Amino acid sequence: MRRHAPGAAFQKLLRLAEDPESVPVHVGGKRTAVDGTALVWGAATIEGEEAAKTQYGFDLVLSVEDAINDLRRWRPADWVEYVQNRRSWVSQPFDSLA
């Protein structure tokens, strides 16, 4: 997180995590109350997730890696169809070369 820390947007997120009233948040042009803050990382260890919560006050830390692993484990039909469709897009050009 150190490389993001100096950025203005990340600083606003950190202020929001500390005090949900400190930064006005708008959705569809209307101000809305903030119930909590979430940080999304590409990958994170359990220790890193806990540190982000403890040190910065995030309510939830998610990783894309964990989300993808969950999808692989749960195998929802829509996800399987999506992946199979993309796999065929990638395979077709290579198959035509063989």
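FYI, the numbering just counts along the sequence from 1. If you're wondering where the values come from, they're calculated on a predicted model, not measured in any experiment.
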Q: Indicate the ring-plane relationship of Phe10 and Tyr56, choosing parallel, tilted or perpendicular according to the 30° and 60° boundaries.
A: perpendicular
Q: Give every residue pair that meets the salt bridge (charged side-chain N to carboxylate O under 4.0 Å, His left out) criterion with at least one member in residues 86-98, sequence neighbours excluded.
A: none
Q: If the condition is salt bridge (charged side-chain N to carboxylate O under 4.0 Å, His left out), which residues does Lys53 pass it with, not counting sequence neighbours?
A: Glu50
Q: Looking only at atom types and distance, does a side-chain atom of Asp59 sit under 3.5 Å from a main-chain N or O of Ala38, one as donor and one as acceptor?
A: no
Q: Taking only distance into account, with no hydrogens and no angle test, what donor-acceptor pairs under 3.5 Å do side-chain atoms of residues 13-26 form with protein atoms, sequence neighbours excluded?
A:
{"from": "Asp19", "atom 1": "OD1", "to": "Glu21", "atom 2": "N", "distance (Å)": "3.2"}
{"from": "Ser22", "atom 1": "OG", "to": "Arg15", "atom 2": "O", "distance (Å)": "3.1"}
{"from": "Ser22", "atom 1": "OG", "to": "Asp19", "atom 2": "O", "distance (Å)": "2.7"}

Q: For Asp66, check salt bridge (charged side-chain N to carboxylate O under 4.0 Å, His left out) against everything at least two apart and list the hits.
A: none
Q: Please output the side-chain donor-acceptor pairs of residues 27-36 that fall under 3.5 Å, not counting sequence neighbours, one pair per line with the distance.
A:
none

Q: Would you list the atom pairs, donor with acceptor, under 3.5 Å between side chains in residues 68-76 and any protein atom, with sequence neighbours excluded?
A:
{"from": "Asn69", "atom 1": "ND2", "to": "Glu65", "atom 2": "O", "distance (Å)": "3.3"}
{"from": "Asp70", "atom 1": "OD1", "to": "Arg73", "atom 2": "NH2", "distance (Å)": "2.4"}

Q: Only counting residues at least two apart or in another chain, list the ones meeting side-chain contact (heavy atoms from CB on, under 4.5 Å) with Asn85.
A: Ser88, Trp89
Q: Shortest non-hydrogen contact from Ala43 to Ser63?
A: CA-CB, 3.9 Å
Q: Report whether Val80 and Tyr82 are members of the same hydrophobic cluster (ILVMFWY, side-chain heavy atoms less than 4.5 Å apart, transitive linking).
A: no
